[in-house]
Amino acid sequence: MKPEITTLPSGLRIVTDPMPDVASASIGLWFGVGTRFEKANEGGLSHLLEHMFFKGTRNRNAQMLNQSIENVGGALNAYTSREQTAYHARILAEDAPLALELLADMMLHSKFDEGDLGREKSVIAAEIGEAYDAPDDWIFDLLQLTAYPDQPLGLPVLGNEKSLETITRQQLIQYVKTNYRASRCILAGAGALKHAEVVALAEKLFSPLEAGEPDNMTAARYIGGSVAEARDIEQLHLCIGHRGVTYGHELFHAQTLFTMALGGGTSSRLFHQIREERALAYTVSAFIQPFIDDGLLVIYLAADPERANEAYDIAMRELQTLGSNMTQEELDRARALTRASLLMGLESTENRAERLAAQLLQYNRLIPLEETLAALASVTLADIKRYADLMLASPLTRVAVGPTEDLSWS
């Protein structure tokens with residue numbers, strides 16, 4: 001059985017992926033707006049808004065929202081990223097109508113009460129402090145700030161305490177009116193669902209979502225640079241980044257396999273050289289952070305400050321040489337790991353629903369699994385070399401948090 005998609009007159013796209021052998025379902029709304037759509041005085045607004053949708057509607061207070069879903073054993077959740085905001089539920093399939101009704105109530109009838117707004121700002125201020133106090137969390141925001149300075153793409157999703165304090169109830173209302181448009185919303189579900197029933201419910205519940213496009217986001221401007229933030233802690237945390245490629249780029253799948261071979265598993269170059277061979281770090285990895293119009297390849301490691309320079313040098317050496325000396329065995333292993341991860345992920349209703357929504361927001365179409373597998377299978381060592389040459393031609397971004405006094409480039 002294949003996913004089905006229906007587009008309502010408002011532009012709202014409804015997509016479901018049937019999994020008849022399971023008893024549960026995951027269903028939710030994915031909006032193609034996030035931190036990148038915030039104005040200069042709105043840092044953290046998208047994330048604050050995500051919190052406020054759970055604080056009560058004209059029909060239910062926060063406790064009633066929580067109890068309504070948990071009375072049937074389900075769960076409501078949400079997340080905010082730089083380009084998306086999602087509100088989703090995991091339930092038994094028979095309770096999908098309730099989940100959709102709750103989501104509609106939250107999206108269309110939230111009160112954004114002033115008292116709740118003040119309290120939630122305090123909660124998020126604590127969340128910001130907690131993230132800053134965790135160097136293995138904060139360092140990724142610092143990398144983003146350094147790679148994309150003075151633009152919304154570089155700002156932390158949580159915002160900061162100063163920007164958070166100034167956000168008003170009216171700004172939240174205006175942001176929803178401007179950006180939470182049907183044309184930038186995907187209603188995605190996976191599990192024991194019937195597409196026609198989900199469409200009928202969506203037509204009834206989400207008809208008030210307005211058509212039209214949200215504000216344009218600010219285009220990405222990758223800059224790069226180096227920042228070392230001194231802290232009196234045990235480990236030195238390092239991030240190294242180069243500009244990668246975006247979703248639709250012809251070398252996107254080469255980027256995926258390059259990154260897997262570099263630092264995506266226990267057989268990867270970085271894990272073997274830095275952890276296994278030299279015991280320089282417990283944690284070392286590489287990953288990609290693609291955006292609609294740009295991308296980042298990131299290496300992260302945490303090491304003893306006295307050995308951090310050695311770990312950094314090895315990471316840079318492997319990053320700079322992998323494109324030209326990757327073996328066919330390494331490429332095939334990276335391909336097998338990526339393929340297995342993709343197929344195993346399809347056993348989860350949550351992963352399937354999110355995958356459908358992401359494809360429609362990023363590519364404006366559903367991509368058959370066979371097409372993705374064929375694209376991965378077609379990547380050659382020559383493609384890896386082309387990707388590496390392109391990536392390494394961009395400015396380097398590097399950031400450090402911890403005892404930085406002996407860091408060679410601080």
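Everything quoted here is computed from the prediction, not taken from an experiment.
Under a 3.5 Å cut-off, the side chain of Glu42 and the backbone N or O of Lys39 do form a donor-acceptor pair. For Lys121 (side chain) and Ile167 (main-chain N/O), a donor-acceptor pair under 3.5 Å exists by modelled atom type. Without hydrogens or angle criteria, Arg307 side chain to Ala279 main chain gives a donor-acceptor distance under 3.5 Å. Side-chain atoms of Arg184 do not come within 3.5 Å of backbone N or O of Trp30 as any donor-acceptor pair. Of the possible polar contacts, none joining the Glu120 side chain to the Met52 backbone as a donor-acceptor pair under 3.5 Å is found. Judged by distance alone, with hydrogens and angles left aside, the side-chain atoms of Glu70 form no donor-acceptor pair with the main-chain N or O of Ala75 at under 3.5 Å. Between the side chain of Thr404 and the main chain of Leu407, no donor-acceptor pair closer than 3.5 Å is present. Checked by atom type and distance alone, the side chain of Arg278 pairs as donor or acceptor with a backbone atom of Gln273 at under 3.5 Å. In this structure, Asn66 contributes its side chain and Ala62 its backbone to a donor-acceptor pair below 3.5 Å. Between the side chain of Tyr387 and the backbone N or O of Phe258, no donor-acceptor pair lies under 3.5 Å.
The pair Arg90-Asp95 does not count as a salt bridge, with every side-chain nitrogen at least 4.0 angstrom from each carboxylate oxygen. Note on Arg60 versus Glu101: salt bridge recorded, some NZ/NE/NH1/NH2 to OD/OE distance being below 4.0 Å. Between Arg386 and Glu250 there is a salt bridge, since at least one side-chain N of the basic residue sits less than 4.0 Å from a carboxylate O of the acidic one. The pair Lys385-Asp389 meets the salt-bridge criterion, since a charged nitrogen lies less than 4.0 angstrom from a carboxylate oxygen. Electrostatic pairing of Arg352 and Glu347 does not count as a salt bridge here, judged by no charged N lying under 4.0 Å from a carboxylate O.
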So Phe206 and Leu187, side chain to side chain contact (heavy atoms under 4.5 Å, CB included) or not? Walk me through it. CA-CA 10 Å; Phe206 296 103; Leu187 195 168; 3.7 Å; yes
Tell me, with the steps shown, if Arg82 and Asp141 meet salt bridge (charged side-chain N to carboxylate O under 4.0 Å, His left out). CA-CA 11 Å; Arg82 290 180 170 86; Asp141 278 339; 3.3 Å; yes
Run the side chain to side chain donor-acceptor pair (under 3.5 Å) test on Thr6 and His195 for me, step by step, so that the C-alpha distance in whole Å, both residues' side-chain angles and the decisive distance to 0.1 Å come before the verdict. CA-CA 9 Å; Thr6 298; His195 184 75; 2.8 Å; yes
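Counting only heavy atoms from C-beta outward, the side chains of Phe31 and Asn179 never approach each other to under 4.5 Å. Counting heavy atoms from C-beta outward, Glu371 and Ile367 have side chains that approach closer than 4.5 Å. Between Leu172 and Leu48 there is a side-chain heavy-atom pair separated by less than 4.5 Å. The side-chain heavy atoms of Cys239 and Phe140, taken from C-beta on, include a pair separated by under 4.5 Å. When side chains are defined from C-beta on, Phe53 counts as touching Val176, because their heavy atoms get closer than 4.5 Å. Side-chain contact between Glu83 and Phe291 is present, with heavy atoms from C-beta onward closer than 4.5 Å. Using a 4.5 Å cut-off on side-chain heavy atoms (C-beta onward), Met19 and Thr349 make contact. Using a 4.5 Å heavy-atom threshold, the side chains of Leu100 and Leu201 count as touching.
Counting only N and O atoms by type, the side chains of Glu50 and Thr80 include a donor and acceptor under 3.5 Å apart. Looking at Glu38 and Ser46, their side chains do bring a donor and an acceptor atom within 3.5 Å of each other. Side-chain contact check for Tyr79 and His88: no donor-acceptor pair (N or O, by modelled atom type) lies under 3.5 Å. Between the side chains of Thr259 and Gln255, not a single donor N or O lies within less than 3.5 Å of an accepting N or O. Counted by atom type alone, Asn77 and Tyr87 present zero donor-acceptor pairs between their side chains at under 3.5 Å. Donor-acceptor pairing under 3.5 Å is recorded for the side chains of Thr380 and Asp383. Side chains of Thr246 and Asp293: no donor on one and acceptor on the other come within 3.5 Å. Asp105 and Thr57 share a side-chain donor-acceptor pair at under 3.5 Å. With no hydrogens or angles considered, a side-chain donor-acceptor pair links Ser226 and Arg398 at under 3.5 Å.
Taking the six-membered ring for Trp and thresholds of 30 and 60 degrees, Tyr247 and Tyr363 have ring planes more than 60 degrees apart, a perpendicular arrangement.
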